[in-house]
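Every value quoted in this text rests on a predicted model; they were computed, and no experiment measured them. Residue numbering restarts at 1 for every chain, and letters A, B, ... go by the order of the sequence lines.
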2 protein chains.
Amino acid sequence: MLVVHFHQLAFDSLTQMPRKSTTPRKLPQQDRSKITVDAILTATARILTQEGYDRATTNRIAELAGVSIGSLYQYFPSKEALITSLAEHHVNTMMAIIESKLKDLFNAPIEVVLHELVEACIAAHAVDPMLHKVLNEQVPRINNTNAEAQFTALLRAYLELHRDQIQPQNLDLTVFILERAVEALTHAAVIDRPELLSDGQLQQEITNLLLSYLVEKT
Amino acid sequence: MLVVHFHQLAFDSLTQMPRKSTTPRKLPQQDRSKITVDAILTATARILTQEGYDRATTNRIAELAGVSIGSLYQYFPSKEALITSLAEHHVNTMMAIIESKLKDLFNAPIEVVLHELVEACIAAHAVDPMLHKVLNEQVPRINNTNAEAQFTALLRAYLELHRDQIQPQNLDLTVFILERAVEALTHAAVIDRPELLSDGQLQQEITNLLLSYLVEKT
DNA sequence: ATAAAATATGAGTTATAGCTCACATTTTAC
DNA sequence: GTAAAATGTGAGCTATAACTCATATTTTAT
């Protein structure tokens with residue numbers, strides 16, 4: 001079951017004008033309203049993945065959720081707020097998977113950490129590939145989540161701890177490359193070449209890529 | 001000056017229904033109409049980059065192009081066709097840069113090819129980073145261009161020729177990883193961390209990443 | 001029991017963007 | 001010169017999707 005997640009005011013990257021509020025009009029208090037909010041988010045995800053972004057009108061979403069359009073706007077001040085809320089929930093779900101898989105590996109050797117990182121990233125992308133695809137294609141990039149920034153910091157700390165065992169010394173660049181490469185390759189595979197993920201081949205290959213870059217080979 | 005580029009009928013990935021035609025209503029024949037078409041495409045790019053996707057209405061585009069809305073629809077059957085045309089032109093421009101930089105390196109050593117590949121990719125992304133960003137965020141992924149498929153084949157042929165000098169043996173996977181990694185890292189840098197590209201550091205680092213993966217180190 | 005608060009409803013308002021079309025102007029062909 | 005073809009025009013049509021609001025129902029608190 002989805003859990004609601006509300007976020008803060010943001011600024012449009014082009015106009016620098018504040019976006020219209022994405023905070024909810026009303027916080028659901030009783031159980032029935034929580035069910036309503038959940039039904040709306042679930043319906044949104046379902047329509048996005050099965051009918052496409054163009055069909056995801058607020059009226060259609062309310063219809064599939066089995067609630068009135070008025071109810072939708074009681075909890076989401078705008079369509080953008082609704083989509084953003086769903087997107088954040090999805091990102092948080094993915095990040096939770098990754099963090100739970102890596103949280104106890106701070107003292108593990110590099111080979112293990114990279115192996116787990118790649119595995120975790122692939123697992124995270126398997127949560128709802130179609131939703132992931134649609135959100136990535138249609139939703140203006142979400143400001144780096146807290147969870148993501150936290151993870152970046154954690155990875156950096158790990159690299160600092162193992163600095164003497166890794167080849168590249170500009171950790172800023174290294175973190176950038178590791179994170180982006182594993183994300184992009186996993187993402188591309190999930191979207192365009194899912195067959196590459198069925199056996200473990202691509203996973204192994206991505207791991208090799210990162211490992212050979214990171215560790216010094218005599 | 002932009003050069004018009006028309007493309008074929010495609011199918012929507014979700015609904016499997018044929019998309020509305022994206023071929024032009026009329027092919028421009030006289031010089032003045034070619035100027036019109038060019039003005040429309042230029043205005044589109046300008047509005048997308050400077051005012052944002054939401055402001056890129058067909059009426060606004062026609063206004064900035066200095067032509068009537070009727071003229072716009074004389075050459076582009078739909079807004080989608082216009083945007084797609086612009087996107088294709090942009091992709092082709094980028095691919096042309098990459099191909100021209102790599103075309104004579106078929107017999108060059110791997111280190112050189114990778115170095116040039118990364119350099120070319122960064123150069124291609126420098127053509128119009130803001131347009132590139134907007135198109136990537138807002139335009140449903142364009143079907144792999146001919147140019148892109150051709151390039152993939154070329155890269156694969158090169159790897160086959162140098163098979164004995166590279167570590168990974170599944171060339172299908174290797175091509176996938178090389179192409180996607182260099183594209184994704186360059187793209188991410190251009191969009192989110194342009195400062196990383198000012199000196200050659202990131203370029204060198206990406207090259208190292210690919211090189212250490214590809215070539216066997218004693 | 002009942003008042004107040006929370007939640008639900010959906011017909012209707014509003015805005016706007018894509019697009020048409022009847023007509024005007026310019027160019028080309030002969 | 002003139003007919004036909006190419007090109008240009010822009011007021012306005014149409015569709016639709018986001019969102020409102022007056023009203024109804026349900027739940028909670030006392």
Side-chain angles (χ1 to χ4, degrees), chain A residues 4 6 15 19-44 47-48 51-86 138-140, chain B residues 4 6 15 19-44 47-48 51-86 138-140:
Chain A
V4 199
F6 298 111
T15 62
R19 291 203 200 104
K20 72 178 105 176
S21 166
T22 50
T23 49
R25 198 153 293 204
K26 216 175 252 184
L27 285 164
Q29 304 195 353
Q30 303 173 0
D31 278 351
R32 59 174 174 152
S33 60
K34 289 189 182 120
I35 289 169
T36 295
V37 169
D38 199 67
I40 292 167
L41 287 168
T42 303
T44 306
I47 291 172
L48 282 177
E51 303 180 23
Y53 187 82
D54 290 345
R55 289 222 144 17
T57 68
T58 49
N59 282 287
R60 175 85 188 92
I61 289 167
E63 181 189 46
L64 185 64
V67 304
S68 72
I69 182 65
S71 288
L72 188 155
Y73 280 96
Q74 201 138 43
Y75 300 104
F76 301 96
S78 67
K79 180 183 178 176
E80 187 192 338
L82 168 57
I83 300 281
T84 306
S85 182
L86 179 68
Q138 309 283 1
V139 181
Chain B
V4 199
F6 298 111
T15 62
R19 289 204 201 102
K20 73 176 106 177
S21 166
T22 50
T23 48
R25 199 152 294 202
K26 218 177 251 183
L27 285 165
Q29 304 194 354
Q30 304 174 0
D31 279 350
R32 61 174 171 148
S33 60
K34 289 190 183 119
I35 289 169
T36 296
V37 169
D38 199 66
I40 292 167
L41 287 168
T42 304
T44 306
I47 291 172
L48 282 177
E51 303 179 22
Y53 187 83
D54 290 345
R55 288 223 144 17
T57 69
T58 49
N59 281 288
R60 175 85 188 95
I61 289 167
E63 182 189 46
L64 185 65
V67 304
S68 72
I69 182 65
S71 287
L72 188 154
Y73 280 95
Q74 201 138 46
Y75 300 105
F76 299 96
S78 68
K79 179 183 178 177
E80 187 191 337
L82 168 57
I83 301 280
T84 306
S85 182
L86 179 68
Q138 310 283 2
V139 181

Nearest-Å distance for atom pair [atom1]/[atom2], residues [X] and [N]:
{"X": "B:Q74", "N": "C:dA22", "atom1": "CD", "atom2": "P", "value": "14 Å"}
{"X": "B:I47", "N": "C:dA17", "atom1": "CD1", "atom2": "C1'", "value": "14 Å"}
{"X": "A:I40", "N": "C:dT7", "atom1": "CD1", "atom2": "C1'", "value": "12 Å"}
{"X": "B:R32", "N": "D:dT9", "atom1": "CZ", "atom2": "C1'", "value": "12 Å"}
{"X": "A:N59", "N": "D:dT20", "atom1": "CG", "atom2": "C1'", "value": "12 Å"}
{"X": "B:D31", "N": "D:dG8", "atom1": "CG", "atom2": "C1'", "value": "16 Å"}
{"X": "B:I35", "N": "C:dT26", "atom1": "CD1", "atom2": "C1'", "value": "14 Å"}
{"X": "B:I61", "N": "D:dG10", "atom1": "CD1", "atom2": "C1'", "value": "17 Å"}

Please name the pair of heavy atoms, one in [X] and one in [Y], separated by the smallest distance, quoted to 0.1 Å.
{"X": "B:T58", "Y": "B:L72", "answer": "O-CD1, 3.6 Å"}
{"X": "B:Y75", "Y": "B:S33", "answer": "OH-CB, 3.2 Å"}
{"X": "A:A56", "Y": "A:I61", "answer": "O-CD1, 4.0 Å"}

Counting only side-chain nitrogens and oxygens, does [X] get under 4.0 Å of the OP1 or OP2 atom of [N]?
{"X": "B:S33", "N": "D:dT7", "answer": "yes"}
{"X": "A:Y73", "N": "D:dC21", "answer": "no"}
{"X": "B:S68", "N": "D:dG10", "answer": "no"}
{"X": "A:T58", "N": "D:dA17", "answer": "no"}

Ignoring the backbone of [X], work out which of [options] is nearest its side chain.
{"X": "B:T57", "options": "C:dT9, C:dA17, D:dA6", "answer": "C:dA17"}
{"X": "B:Q30", "options": "D:dT27, C:dC19, C:dT27", "answer": "C:dT27"}
{"X": "B:T36", "options": "D:dG8, C:dT27, D:dC19", "answer": "D:dG8"}
{"X": "A:Y75", "options": "C:dA8, C:dA17, D:dC19", "answer": "C:dA8"}
{"X": "A:K79", "options": "D:dT9, C:dA6, D:dA18", "answer": "D:dA18"}
{"X": "A:I69", "options": "D:dA6, D:dT26, D:dC19", "answer": "D:dC19"}

A:L64 side chain reached by A:R60 side chain, heavy atoms, under 4.5 Å
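Yes, their side chains come closer than 4.5 Å.
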Just to verify, which of A:T84, A:L86, A:L82, A:I83 counts as forming a side chain to side chain contact (heavy atoms under 4.5 Å, CB included) with A:F76?
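That would be A:L82; it is the only one of A:T84, A:L86, A:L82, A:I83 passing the side chain to side chain contact (heavy atoms under 4.5 Å, CB included) with A:F76.
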Base, sugar-phosphate, or nothing for B:S71, non-hydrogen atoms under 4.0 angstrom?
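Touches a base.
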